[in-house]
*Asks:* 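Structure in structure tokens, see below.
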Amino acid sequence: MKFKLTFFLLLANIAVFGVLWHELAKNDMPVGAEHSIFTAGIEKIDIAVPADKESSFSLEIKDRNWIVKKGFDWPANTFAVREVLHGLHFLDPRNSFSVKDALETGSTLASFGLETPRMIVTISDNIGDRELRFGDLTPDGTCVYALLPDGDRIAPLPKSLLFTLSKQAEDFRVNEVFMLRPFEIQALTVRIENGASSQRIGLKRSLVSQGKGVPATRQWLFETPIAVKAESQMTEECVNRLVGLSRGNFVDASAQTGLDKPSMRVSLESANSSETLLVGNAVPENPEQLYAKLENNPAVFTVERAVVSEWKTAATDLRDPYFFDFDPAVLRAIEIADADGKSIRLVRVNNTEVKEVVKEVESGEMDLDNVPAPIQKAEKAIFSTWEIPGTTLGVDPKVLDSLVERLRQLRAISYPVSADILPTSAEYIQAQAFVSDTASLVEQASLGLDKPIWTVTISLAGTDGKTIQKVLKIAEATKDYLPQHAQVEHSIYSIDKDLSANLSVSPLRYRSRNILKLPAGTTVENLKIVDLRDNESVIDESLVAGTQNRALESFLKQCENIQAESFIDSNFSQTFVYDYLDAGVPETWAYRVELTYKTPTDTESKTLTLHLTRRLGGNFQIAGLEAQNIVFCLNQTAIDAFHALTFKNYAEKNILNTRPTGAK
């Protein structure tokens with residue numbers, strides 16, 4: 001029984017609450033404004049001051065936005081208008097008294113200041129046009145007498161409403177020039193007039209694909225004067241400053257503003273609207289201010305020179321300096337050619353070896369660090385391999401990764417040229433980051449680009465299955481104090497000189513650093529190290545029963561998986577000589593390493609023979625493998641492991657520890 005009673009009371013409460021909510025919300029009025037004189041549909045407010053007709057103005061809705069109408073239309077401050085609307089919606093006539101009753105007590109309209117009102121406000125809503133006339137303040141100073149629209153009643157209204165309506169038209173106008181917000185802008189156009197010539201800068205915000213499996217990002221792109229990427233972060237900052245541009249004072253349109261032939265036109269476009277700012281002359285008394293106006297609006301005002309003038313050089317200042325960027329995921333080949341016509345081509349292939357690579361990665365035999373970042377990004381399950389066509393050489397992943405990133409990070413720079421050198425005007429132009437986008441054959445030849453010292457051609461897989469090629473030409477600097485120049489299509493850029501130092505047509509630069517790896521399950525039977533200078537054995541140890549020598553165990557691991565740090569441009573020879581100091585001090589082989597082993601498939605033992613120089617520095621020692629006819633530099637781990645085994649012999653012979661130069 002108690003449960004039924006409780007349930008009944010709950011339903012009753014819900015019903016009462018619903019009735020109250022309906023009454024409060026009807027006519028879309030604010031809560032508490034159900035007795036208001038005006039509806040929520042106010043569309044226009046005329047404010048007239050009989051004693052000062054120059055102070056009169058109107059607020060009106062236009063295209064769903066409030067504007068101030070006085071001489072010209074201008075967007076209204078939303079918060080200021082809301083304050084007025086809030087006051088009007090909450091006017092409550094229940095505290096009013098009739099004019100008739102006031103007259104019967106000996107009062108007149110003049111007694112309340114309503115014979116000649118200080119302000120007349122005409123409100124237009126969905127009922128029609130109705131007036132509020134404001135008179136004097138009440139004796140306690142907290143309210144103001146107002147004659148209600150019916151003309152029959154007088155109500156003491158909040159003094160705050162009168163003060164809000166007493167603002168000047170200028171107080172209701174927004175300071176911002178543009179009404180569009182930064183996130184709305186989809187395109188921006190700047191037209192600059194300079195005497196008889198003109199320049200047009202066009203930017204568009206687009207969604208740009210970042211590759212397979214990567215979400216597209218919003219990117220600013222130049223459409224004119226050339227179709228290239230813009231530097232998005234800097235462009236966003238400039239757009240934000242432009243959109244946030246504040247107007248100064250409104251001025252007389254008859255002044256010498258220069259707006260009849262504006263020097264600049266700035267247009268912002270969104271999906272549904274556009275706004276254009278015209279910029280004219282500098283203000284005579286303040287050159288840091290410029291005259292400006294919005295197109296199709298007669299109002300002339302001033303703006304800051306700095307905010308709009310930075311767009312005059314936007315074509316270069318906002319241009320993405322990384323002019324050779326590409327998606328590594330679709331890279332298929334790289335060809336490098338030098339000035340002598342020699343070239344090398346690196347090709348990405350998918351073949352049967354890929355499965356072995358996957359197995360090694362999944363089993364932990366190959367570290368992911370050995371797989372270049374571009375390949376990891378391109379394919380998650382299967383890693384592509386790269387090779388040098390015409391050879392049996394694979395491409396080293398880390399070297400390839402470094403080359404790809406150096407190309408992608410190639411950057412246009414403005415090269416500092418000292419005025420003390422007295423460079424010519426042409427040389428000043430040649431030192432700019434973006435030298436030319438319409439270079440003629442004569443201009444290209446003047447910079448040496450007709451005979452480049454390097455030409456790099458990359459092949460990219462297009463979305464339609466066709467191959468896209470991008471060609472990069474690099475010329476030597478024409479003078480020591482000028483930069484090198486690079487050309488892509490018809491554009492010429494100034495670049496730093498570090499890329500040239502890292503390009504090569506030698507296969508040794510790019511070939512895999514993995515020299516030899518013994519199969520899993522191989523048994524090492526014996527290790528012998530011979531000092532070739534006296535033909536004495538430093539170590540000759542049987543390993544059939546294993547070893548407890550940590551130094552020996554460490555060196556054996558390096559022998560079972562030989563990796564090069566770099567390569568020496570020389571074929572293997574028993575009489576190898578290398579003048580690593582270029583000082584007439586030749587180095588020859590100092591040690592011979594003989595590793596006897598047997599693989600699981602071998603019926604007889606085999607011997608791996610490796611020749612080594614002495615340790616030529618803390619991180620430099622040369623090795624030679626006759627079986628592959630190569631000479632290479634050991635990596636640091638192998639150098640340290642071998643040194644630990646031969647240190648005593650090394651010290652006894654008092655060998656100098658100096659650092660070499662000249663390795664490739």
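Reckoned from all heavy atoms, side chains included, excluding hydrogens, waters and symmetry mates.
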*Asks:* Looking only at heavy atoms, which two atoms of Trp386 and Leu346 are closest? And how far apart?
*Replies:*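 For Trp386 versus Leu346, the nearest heavy atoms are CZ3-O, 3.4 Å.
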*Asks:* Of the non-hydrogen atoms in Val593 and Ile529, which two are nearest, and what is the gap between them?
*Replies:* CG2-CG1, 4.3 Å
*Asks:* Can you check side chain to side chain contact (heavy atoms under 4.5 Å, CB included) on Phe434 and Val228, steps first, answer last?
*Replies:* CA-CA 12 Å; Phe434 305 101; Val228 292; over 6 Å; no
*Asks:* For Lys497 and Tyr415, what are the C-alpha separation, side-chain angles and deciding distance, and is it a side chain to side chain contact (heavy atoms under 4.5 Å, CB included)?
*Replies:* CA-CA 11 Å; Lys497 300 176 182 179; Tyr415 210 74; 3.9 Å; yes
*Asks:* Ignoring hydrogens, what is the shortest heavy-atom contact between Leu516 and Leu518? Give both atom names and the distance.
*Replies:* CD2-CD2, 3.7 Å
*Asks:* Have Asp602 and Thr599 got a donor and an acceptor in their side chains that come within less than 3.5 Å?
*Replies:* yes
*Asks:* Please indicate whether Asn272 has more than 12 foreign heavy atoms, meaning atoms of other residues, nucleotides or ligands, lying under 6.0 Å from its CG.
*Replies:* no
*Asks:* Between atom CZ of Phe632 and atom CZ of Arg511, what is the distance when rounded to the nearest 0.5 Å?
*Replies:*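 One finds 9.5 Å between CZ of Phe632 and CZ of Arg511.
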*Asks:* Side chains of Ile639 and Gln621: closer than 4.5 Å at any heavy-atom pair?
*Replies:* yes
*Asks:* Is there a donor in the side chain of Thr224 and an acceptor in the side chain of Arg200, or the other way round, less than 3.5 Å apart?
*Replies:*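 A pair is found: one side chain offers a donor N or O, the other an acceptor, under 3.5 Å apart.
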*Asks:* For the pair Ser270 (side chain) and Glu184 (backbone), establish whether a donor and an acceptor sit closer than 3.5 Å, ignoring hydrogens and angles.
*Replies:* no
*Asks:* Which atom pair, heavy atoms only, marks the closest approach of Ala314 to Phe222?
*Replies:* O-CZ, 3.3 Å
*Asks:* State whether the side chain of Arg181 and the backbone N or O of Phe183 hold a donor-acceptor pair below 3.5 Å, judged by distance alone.
*Replies:* no
*Asks:* Among side-chain atoms of Asn514 and Gln563, is any donor-acceptor pair under 3.5 angstrom?
*Replies:*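 Yes, Gln563 and Asn514 have a side-chain donor paired with an acceptor closer than 3.5 Å.
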*Asks:* Using a strict cut-off of less than 4.0 Å between a Lys/Arg side-chain nitrogen and an Asp/Glu carboxylate oxygen, indicate whether Lys517 and Glu560 qualify as a salt bridge.
*Replies:* no
*Asks:* Taking atom types as modelled and ignoring hydrogens, do the side chains of Thr607 and Glu594 form a donor-acceptor contact shorter than 3.5 angstrom?
*Replies:*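 There is no such pair between these side chains.
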*Asks:* For Ile562 and Leu608, run side chain to side chain contact (heavy atoms under 4.5 Å, CB included): C-alpha distance rounded to whole Å, both residues' side-chain angles, the deciding distance at 0.1 Å, then the answer.
*Replies:* CA-CA 11 Å; Ile562 301 174; Leu608 169 67; 3.9 Å; yes
*Asks:* For Glu387 and Leu393: C-alpha separation, side-chain torsions, deciding distance, then whether side chain to side chain contact (heavy atoms under 4.5 Å, CB included) applies.
*Replies:* CA-CA 6 Å; Glu387 62 183 29; Leu393 303 177; over 6 Å; no
*Asks:* So, are Arg614 and Glu587 salt-bridged, with charged N and O less than 4.0 Å apart?
*Replies:* yes
*Asks:* Any non-hydrogen side-chain atom of Leu277 less than 4.5 Å from a side-chain atom of Leu245?
*Replies:* yes
*Asks:* If only atom types and distance count, is the side chain of Gln636 paired as donor or acceptor with the main-chain N or O of Gly618 below 3.5 Å?
*Replies:*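 Present.
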*Asks:* CD1/Ile495 to CG/Leu472 distance, rounded to the nearest 0.5 angstrom?
*Replies:*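 If we round to the nearest 0.5 Å, Ile495:CD1 and Leu472:CG are 7.0 Å apart.
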*Asks:* Does a sphere of radius 6.0 Å around NZ in Lys598 hold more than 12 heavy atoms from other residues, nucleotides or ligands, not counting ones at 6.0 Å or beyond?
*Replies:*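 Buried by this count: over 12 neighbours within 6.0 Å.
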*Asks:* Using modelled atom types only, decide if a donor and an acceptor are shared between the side chain of Glu231 and the backbone of Gln233 within a distance under 3.5 Å.
*Replies:* yes
*Asks:* Got Gln574 and Glu626 here, is their nearest side-chain heavy-atom distance under 4.5 Å?
*Replies:* yes
*Asks:* Could you grab the distance from atom SG of Cys559 to atom CG of Leu527, nearest 0.5 Å is fine?
*Replies:* 6.0 Å
*Asks:* Are the side chains of Ile568 and Cys633 in touch, meaning some heavy atoms are under 4.5 Å apart?
*Replies:* yes
*Asks:* Does some side-chain heavy atom of Leu499 sit less than 4.5 Å from a side-chain heavy atom of Ile474?
*Replies:* yes
*Asks:* For residues Thr276 and Ser267, is any side-chain donor paired with an opposing acceptor at under 3.5 Å?
*Replies:*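 A donor-acceptor contact under 3.5 Å links the two side chains.
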*Asks:* Tell me whether Arg319 is salt-bridged to Asp437, with the criterion being a basic N under 4.0 Å from an acidic carboxylate O.
*Replies:* yes
*Asks:* Using a 4.5 Å cut-off on heavy atoms from C-beta on, say whether the side chain of Asp338 contacts that of Leu503.
*Replies:* no
*Asks:* Answer with yes or no whether the side chains of Ser494 and Gln432 bring together a donor and an acceptor at under 3.5 Å.
*Replies:*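 Their side chains do not contain a donor-acceptor pair, so the 3.5 Å distance test is not met.
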*Asks:* Start with the C-alpha gap between Gln484 and Ser500, add the side-chain angles, then the distance that decides, and say whether side-chain hydrogen bond (donor to acceptor under 3.5 Å, both in side chains) holds.
*Replies:* CA-CA 9 Å; Gln484 283 189 302; Ser500 289; 3.2 Å; yes
*Asks:* What are the two closest heavy atoms between Asp327 and Leu460, and how far apart are they?
*Replies:* O-CD2, 4.4 Å
*Asks:* Should the heavy atoms of other residues, nucleotides or ligands under 6.0 Å from CD of Glu310 be counted, would the total exceed 12?
*Replies:* yes
*Asks:* Pairs under 3.5 angstrom only: tabulate donor-acceptor contacts from the side chains of residues 446-457 to other protein residues two or more places apart or in another chain.
*Replies:*
| from | atom 1 | to | atom 2 | distance (Å) |
| --- | --- | --- | --- | --- |
| Ser446 | OG | Glu443 | O | 2.6 |

*Asks:* State whether Tyr322 and Lys229 meet the cation-pi test: NZ (Lys) or CZ (Arg) under 6.0 Å from the six-membered ring centroid, and within 45° of the perpendicular axis.
*Replies:* no
*Asks:* Check Glu335 against Ser343 and note the closest heavy-atom contact, atom names and distance.
*Replies:*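 Result for this residue pair: OE2-OG, 4.0 Å.
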*Asks:* Do Pro483 and Asp496 come within less than 4.5 Å of each other through their side chains, counting heavy atoms only?
*Replies:*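 Side chain of Pro483 against side chain of Asp496, heavy atoms only: no contact under 4.5 Å found.
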*Asks:* Looking at Arg265 and Glu193, does any basic side-chain N land under 4.0 Å from a carboxylate oxygen?
*Replies:* no
*Asks:* To the nearest 0.5 Å, what is the distance between CG (Leu441) and NE2 (His490)?
*Replies:*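 Going from CG on Leu441 over to NE2 on His490, the span is 9.5 Å.
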*Asks:* Would you please test Phe642 and Tyr591 for ring pair (Phe, Tyr, Trp, His ring centres under 6.0 Å) and show each step?
*Replies:* CA-CA 10 Å; Phe642 185 75; Tyr591 296 96; 5.1 Å; yes
*Asks:* At what distance, to the nearest 0.5 angstrom, does CZ of Arg408 lie from CG of Asp325?
*Replies:* 4.5 Å
*Asks:* Using a distance-only test with no angle check, is there a side-chain donor-acceptor pair under 3.5 angstrom linking Ser506 and Ser504?
*Replies:* no
*Asks:* In Å and rounded to the nearest 0.5 Å, what is the CG to NZ distance from Asp401 to Lys398?
*Replies:* 10.0 Å
*Asks:* Using the ring pair (Phe, Tyr, Trp, His ring centres under 6.0 Å) criterion, which residues pair with Phe572? Sequence neighbours excluded.
*Replies:*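 Only Trp589, His611 meet the ring pair (Phe, Tyr, Trp, His ring centres under 6.0 Å) criterion with Phe572.
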*Asks:* Any side-chain heavy-atom pair from Ser198 and Ile192 closer than 4.5 angstrom?
*Replies:*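 Ser198 does not reach Ile192 side chain to side chain.
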*Asks:* Going by atom types only, do Gln487 and Tyr493 share a side-chain donor-acceptor pair under 3.5 Å?
*Replies:* no
*Asks:* Does a side-chain N-to-carboxylate-O contact under 4.0 Å join Arg509 and Asp569?
*Replies:*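 Salt bridge absent between Arg509 and Asp569.
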*Asks:* Given 3.5 Å as the limit, does a donor-acceptor pair link the side chain of Ser554 with the main chain of Ala551, or not?
*Replies:* no
*Asks:* Check Glu236, Gln219, Glu269 against Arg205 for a side chain to side chain donor-acceptor pair (under 3.5 Å) and give me the one that passes.
*Replies:* Glu236
*Asks:* Using only heavy-atom distances, determine whether the side chains of Ser232 and Thr235 contain a donor-acceptor pair under 3.5 Å.
*Replies:* no
*Asks:* Are the side chain of Ser197 and the backbone N or O of Asn194 linked by a donor-acceptor pair below 3.5 Å?
*Replies:*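 Yes, because the side chain of Ser197 sits within donor-acceptor range (under 3.5 Å) of the backbone of Asn194.
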*Asks:* Describe, in one word, how the ring planes of Phe620 and Tyr578 are oriented to each other, choosing from parallel (under 30°), tilted (30 to 60°) and perpendicular (over 60°).
*Replies:* tilted
